Amino acid sequence: MCTALNSRRYVHYFGRTLDLEKAPPHEIVITGRGYNFNFRCTGAVRAETRIMGSACVTEGLPLFFDAMNESGVCATALDFPNCHYTGAPFANTIASFEV
């Protein structure tokens, strides 16, 4: 299981462990303002800020698993292998791997 840490007392620190036996192929990716994320269900979404992080690039789409935008918003994809969602999909849904 992965663990994340965030602290904002004096300086912003953000980090996490990647507790996997084999990490997926990944690279550091920086997207610019105006980058179009072409999602499977909702189509294109235009980024308003730059994003930098670690991502797998699949079919030209960066699938970030650790990232931060220029406004300081951080996100990380944590692995909870025994959890699942059983609800019905919504029209404005994006795939879990696109979050």
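A quick note: this is a predicted structure, and the numbers were derived from the prediction, not measured.
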Nearest 0.5 Å, please: how far is CG in Leu61 from CG in Asn36?
11.0 Å
Enter the distance from Met68:CE to Asp66:CG here, rounded to the nearest 0.5 Å.
11.0 Å
Side chain to side chain, Thr76 and Phe65, heavy atoms closer than 4.5 Å
no
Listing, residues 45-57 side-chain donor-acceptor contacts under 3.5 Å, not counting sequence neighbours, or none:
residue	atom	partner	partner atom	Å
Thr49	OG1	Asn69	ND2	3.4
Arg50	NH1	Glu70	OE1	3.1

Taking every non-hydrogen atom, the tightest pair across Tyr35 and Gly60:
OH-O, 3.3 Å
